[in-house]
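Just the heavy atoms: all of them, side chains too, but no hydrogens, waters or symmetry mates, feed the values below.
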Amino acid sequence: PILLLRTARLLSYLSAIGTVATICVVGAVVLAFVFEGNITEDVAERMADPPPPPYHTVWRTSGLPMAFGMVAYCFSGHAIVPSIYSSMEKPQDFERVVNLTYSIVLVACLAVGLSGYLMFGDLVFDQVTISLEQNSSAELAMTILTYLMILTAFSKITLTMFPLAIGMEEIFAPFLSSERGISLLSAVIKIVLIVLALWVAIYVPSFSFLCSLVGMICTMTVSVVFPAGAYLNLFGHTLSLCEKLMYWAFVVIGLLMAVVGTALSVG
């Protein structure tokens, strides 16, 4: 039912719930590593056909395309940014809020990534929480962690879908004359989107590959290439040479990573 909300301000309360759940998940993963330590040997012993050791590979070039895509996917929240800005009580604080937010996201991603890798090594699943669930002795804690993950996904998919649904509504809105018709259209669009998302979740395998591909194709373009290119086009005449070179580097490197990473991932 929350999908049918049409005001970003109301979604902020749902976002707060999702944020608390996410913090709890990050804390649970880090605490699991603190108490469990490196358990790769134990995990390998329980596998029917374990790979040969060592289980911690410091550097593997073949994993870079997927790694770049996964990292980009973690920062792919740009779609909701305009809605957040327009619903803020003090929009002048927007830049400070964004900087703080991305700093927290960076710390959270590093904490989960390092904890999962140090604990399970190359044997870790696409989602570290699955590895925890299958190998932890704390069953109650893992059950709570599972429900926290569900709550996090529940809040995030609603927030992420909101600007997409608004954009689709604007396409069809000129053909509708009544507010009731627009509200009905909004509900139908959001229900169709959630059903499509559910279909992808059930029938598309290799979650990490899908995230990496989305990160390479969509996030690199929307989050790196387009903002830098647009800024150059709008304010290029006021920028210093160093600033221009920096933004051009974002455009060129973003395009190279998107093209090469996508080709290697698909190949």
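For the pair Val29 and Leu132, the minimum side-chain heavy-atom distance is below 4.5 Å. Between Phe94 and Val98 there is a side-chain heavy-atom pair separated by less than 4.5 Å. In this structure the side chain of Leu185 never reaches within 4.5 angstrom of the side chain of Met168, judged on heavy atoms. Side-chain contact between Trp248 and Leu232 is present, with heavy atoms from C-beta onward closer than 4.5 Å. You'll find the side chain of Leu118 stays beyond 4.5 Å of the side chain of Asn38, heavy atoms only. The side-chain heavy atoms of Glu95 and Asn99, taken from C-beta on, include a pair separated by under 4.5 Å. Looking at Thr40 and Met119, their side chains never come closer than 4.5 Å, going by heavy atoms from C-beta outward.
Each of Leu196, Ile202, Val200, Val195 was evaluated against Leu198; a single residue qualifies, Ile202, per the side-chain contact (heavy atoms from CB on, under 4.5 Å) test. Paired with Tyr231 under the rule ring pair (Phe, Tyr, Trp, His ring centres under 6.0 Å), one option of Tyr247, Phe250, Phe226 passes, and it is Tyr247.
Ion pair Arg96/Asp93 flagged as a salt bridge, since at least one NZ, NE, NH1 or NH2 atom sits closer than 4.0 Å to an Asp/Glu carboxylate oxygen.
Thr57 is linked by a side chain to side chain contact (heavy atoms under 4.5 Å, CB included) to Arg60, Tyr117, Asp122, counting only residues two or more places apart in sequence or in another chain.
Val107 and Val128 are not part of a single hydrophobic cluster, where members link through side-chain heavy atoms under 4.5 Å apart. Hydrophobic clustering keeps Met246 apart from Leu256 (ILVMFWY residues linked when any side-chain heavy atoms are closer than 4.5 Å, directly or through intermediates). Residues Ile189 and Ile171 share a single hydrophobic cluster, defined by chaining ILVMFWY side chains whose heavy atoms lie under 4.5 Å apart. Note on Leu100 and Met88: separate hydrophobic clusters, where clusters join Ile, Leu, Val, Met, Phe, Trp and Tyr whose side-chain heavy atoms are under 4.5 Å apart, directly or indirectly. Hydrophobic clustering, with ILVMFWY side chains joined whenever heavy atoms are under 4.5 angstrom apart, groups Val112 together with Ile144.
Note that OG1 of Thr221 is 7.0 Å distant from CG of Leu255, once rounded to the nearest 0.5 Å. To the nearest 0.5 Å, atom OG1 of residue Thr101 and atom CG of residue Leu106 are 12.5 Å apart. Atom CZ in Phe125 sits 5.5 Å away from atom OG in Ser131 (nearest 0.5 Å). Separating the CD atom in Glu41 from the CZ atom in Arg46 is a distance of 11.5 Å, to the nearest 0.5 Å. Separation of atoms SG (Cys109) and CD1 (Ile104) is listed at 12.0 Å; rounding is to 0.5 Å.
The shortest heavy-atom contact between Ala44 and Tyr55 is CB-OH, 3.4 Å. Considering all non-hydrogen atoms of both residues, Val225 and Gly254 come closest at CG2-C, 3.7 Å. Between Pro51 and Leu123, the shortest heavy-atom contact is CG-CD2, 3.5 Å. For the residue pair Gly181 and Ser178, the shortest heavy atom distance occurs at N-OG, 3.1 Å. In terms of heavy-atom proximity, Ser240 sits nearest to Glu243 at N-OE1, 3.0 Å. Closest non-hydrogen pair, Ala108 versus Val26, comes out as CB-CG2, 4.0 Å.
Counting non-hydrogen atoms of neighbouring residues, nucleotides and ligands closer than 6.0 angstrom, the CZ atom of Arg180 reaches no more than 12 such neighbours. Few gaps surround CG on Leu31; more than 12 heavy atoms of other groups in view lie less than 6.0 Å from it.
Proximity of a side-chain donor or acceptor of Thr238 to a complementary backbone N or O of Phe235 within less than 3.5 Å is detected. No donor-acceptor pair closer than 3.5 Å links the side chain of Glu36 to the backbone N or O of Phe33. No side-chain donor-acceptor contact under 3.5 Å links Ser186 to the backbone of Ile182.
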